[in-house]
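These numbers were taken from a predicted model, which means no experiment stands behind them.
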Amino acid sequence: MDLSTLNEPQKQAVETTEGPLLILAGAGSGKTKVLTARTAFLIAEKNVSPYRILALTFTNKAANEMRERIIKAAGNEAQRVWIHTFHGFCARVLSSDCERLGYKKGFLIYDVDDQQSLLGTIIKDLQLNDKVYTKRMLQDLFSKAKNHSDNPEAYLRASYQPRQVMEAYALYEKKKMAANAMDFDDLLLKTIELFNTCPDILERYRDLFRYIMVDEYQDTNMSQYKIISLLAAAHQNLCVVGDDDQSIYGWRGADIRNILEFEKDFPGAAVVRLEQNYRSSQPILDAANRVIAHNAGRKEKKLWTARTEGQPITVYEARGEKEEATFIAERILNGKRLGKRFDDYAILYRTHAQSRIMEMILQSMTIPYKIYGGTAFFSRTEVKDAVAYLRLICNPGDDVSFQRIANVPRRNIGMQSLEELKLAADKNGISLFEAAERTDTVSPKVFAKFAPFTELMHTLSNLYDKKSVVALLEGVLRKIGYEAYLKASDPKTWEARWENVQELVGFAQEFEDCFDSDSEEDPLQAFLNTASLFMTADRVDEESGCVNLMTLHAAKGLEFDTVFLTGMEEGVFPSQQSIREPEKLAEERRLCYVGVTRARNKLFLSYAESRSLFGQYAANPPSRFLDEMGDTISMPGSGFVPRPASASVHRGAVVSPHREPFTAPKVIEGTKPVSRKPAAGAASAAFKDGDRVKHGMFGAGTVVGIEGSGSTQIITIKFDKGPEKRLSTAYANLKPAED
DNA sequence: ACACTGTGAGTTTTT
DNA sequence: CTCACAGTGT
């Protein structure tokens, strides 16, 4: 096998096949390449059967990418390598043996929306104060408990949760069991339970998987750690890849200690550091290294690159978020003129809320963009409705789905009828569907209300030939007149919604094409579980030629030619709720590190003097992360005074809501504005290339570039002492030099 | 049963 | 500001 394209540490990581191995893979250091090569090496050089290799990832995307690349490197037999997400792997393990835990064959997977609606009924059932006990709060609490302990109930009790919470938890678990369903966290926990209570099953998998690899190890939680440990206990051939500096999911139960203490947990572990970065230029890496150095307790590593030359990082101070957005949009248009593509650009922000203004400005300048994240495909109402029909056909005991679609499309079934049915079902210990079909449980009136629905469901069930999910889905949509229903319910959005439904059909088709028809599994069953484990229908994302907008979290694992890191302000990034807690602040810093290292060639950091938050203007000082980057970046303008180290800064001050609007005067490129309002300082003076200027702080320099005009004009100056700087003419203290 | 109106809350979210 | 949801009115 040819390992010549690998560098020394990479080669070492590939060739260390026996025993525990920790690969500390810095950003952009080629970890996927190493994982792929390592798998190919095991198959080709060590004669390991592909199906004895288990590779675990977090996202479907990562799993797919790895599968593709492994097949490319090791040939078709590599298809039999077990490459799964943690949840997908657990779902697979459980689907063959869930009966050993008291589940019926073919359990359902409840996603967050299903959980929420179930919790909603529980809050009602237990008559909890819904101001104190919200769906969201219970969901977070239960998930936290399940992420931190394999005995969530004990965990809740140990944290002194009130009786109400304990009761809600018990009922939640009971109802889930009654519906033969598991939530995402259960998939992991129940797998542990299965392994612990059925030694024969654990033995089987231990024996099967001789080599185990885990991607993004820094993001594993307690359950995932336990699953890995159980499987790897005998042979210890466990290879984990990760970067403690990129651990950004602590708030979701990821335990950074898993990676920090790997060598303790698996004695004799080999450690390989991948520190050569193949992605970014030196200036970008310098800034990244500087920021992350402010975190304590790291696995020390220093990224380096052979690309020692590179464009300097640009820091931009905007007055408000509109100006920030305008600056970015202009830069992109400018780049486009110079031959860049729109999809070379990524705009990153801390929270989704920040995307609004960005979108607005991009739209107004007709720059195509796409937003990652937002409402996940399978969370869309119309998609969920359609899926709920399939779920109810598959499992009539699924009360969550029953409630969702009993009145969709409208069948004149309201709260009243539903409540009576629920009561009856509860009393008799049967499902809503069963209760609706029995004349002895509810009043004739209510029975009559549900009769058309239950009859419909029987008709729909008969459409299913146990072979084609697509045929079933299309039949269901036709029979319920879903297109007409969408049209009637919202004339503005029905087309997009119907498209989503069609997309679901497409997804089903894709699934069917890949589905092994010889398998004993019911295709519908398998389809539903696959769908539950997919956040997004990835194919929609293929659109190219667009500027990429996403949160910093969503950017992990991606790279772009040019990255704009926006909202670099205290209280925004780092976020307000993280500032006080050192652990959380450290995670924000890692998030910053992730953001910076997404850029290949050019990085922009921007902040706004004030921005509108919840309808008010809040002025925030520049992010401490800018300070922490030190002289690897240069701060703009004269107005910048380093933040005092003490916390005496008055945070979140609300400044006058009557500030001037941030709109730039509309001018045609090249003409001199007549600024509608004189900008602060000496800004109205016009500069041109080659002009000598004097800056209040940086001294004398030469103008080497001008972009935009009016209050958004940016001027690039090469200062005699020091580097190039980009300044806003409106705010920088600039004067024409006399010399 | 459904449409309307007022209130309150508002990170990040791989599965 | 802007969305989600609970409560009110027809």
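Among the heavy atoms of the strands lying under 4.0 Å from A/E588 is at least one base atom, whether or not backbone atoms are also near. Residue A/S578 is in base contact, counting any heavy-atom pair closer than 4.0 Å across all strands shown. A/R136 comes within 4.0 angstrom of a base, heavy atoms only.
Not one side-chain nitrogen or oxygen of A/N221 sits closer than 4.0 Å to the OP1 or OP2 atom of B/dT15. The side chain of A/T551 places an N or O atom within less than 4.0 Å of a non-bridging phosphate oxygen (OP1 or OP2) of B/dT13. Close to B/dT15, at under 4.0 Å from its OP1 or OP2, lies no side-chain N or O of A/H84. For the pair A/K146 and B/dT15, the criterion of a side-chain N or O lying under 4.0 Å from OP1 or OP2 is not met. Checking the phosphate oxygens (OP1, OP2) of B/dT15, a side-chain nitrogen or oxygen of A/N60 falls inside 4.0 Å.
For A/F184, whose side chain is taken as the heavy atoms from C-beta onward, the closest listed nucleotide among B/dT14, B/dT15, B/dA1 is B/dT15.
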Can you give me the N/O atom pairs linking the protein to nucleotides 2-8 of chain C at distances under 3.5 Å, or say none if there are none?
| from | atom 1 | to | atom 2 | distance (Å) |
| --- | --- | --- | --- | --- |
| C/dC3 | OP1 | A/R356 | NH2 | 3.0 |

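The base of B/dT11 has none of its N or O atoms less than 3.5 Å from a complementary donor or acceptor on the side chain of A/R350.
Stacking is found between A/W251 and the pyrimidine-like six-membered ring of the B/dT12 base under the 5.5 Å centre-distance and 30° plane-angle cut-offs.
Taking the six-membered ring wherever Trp is involved, the centroid distance between the rings of A/H87 and A/F58 does not fall below 6.0 Å.
With a 6.0 Å cutoff to the six-membered ring centre and a 45° limit on the axis angle, A/K176 counts as a cation-pi contact of A/Y172.
Residue A/R410 is the one, among A/S575 and A/R410, whose nearest nucleotide of DNA chain B lies closer to the 5' end (criterion: closest heavy atom).
Using a cut-off of 4.0 Å between Lys/Arg side-chain N and Asp/Glu carboxylate O, A/D244 and A/R257 are scored as not salt-bridged. Salt-bridge annotation for A/D111 and A/K384: present, with a side-chain N of the basic residue lying under 4.0 Å from a carboxylate O of the acidic one.
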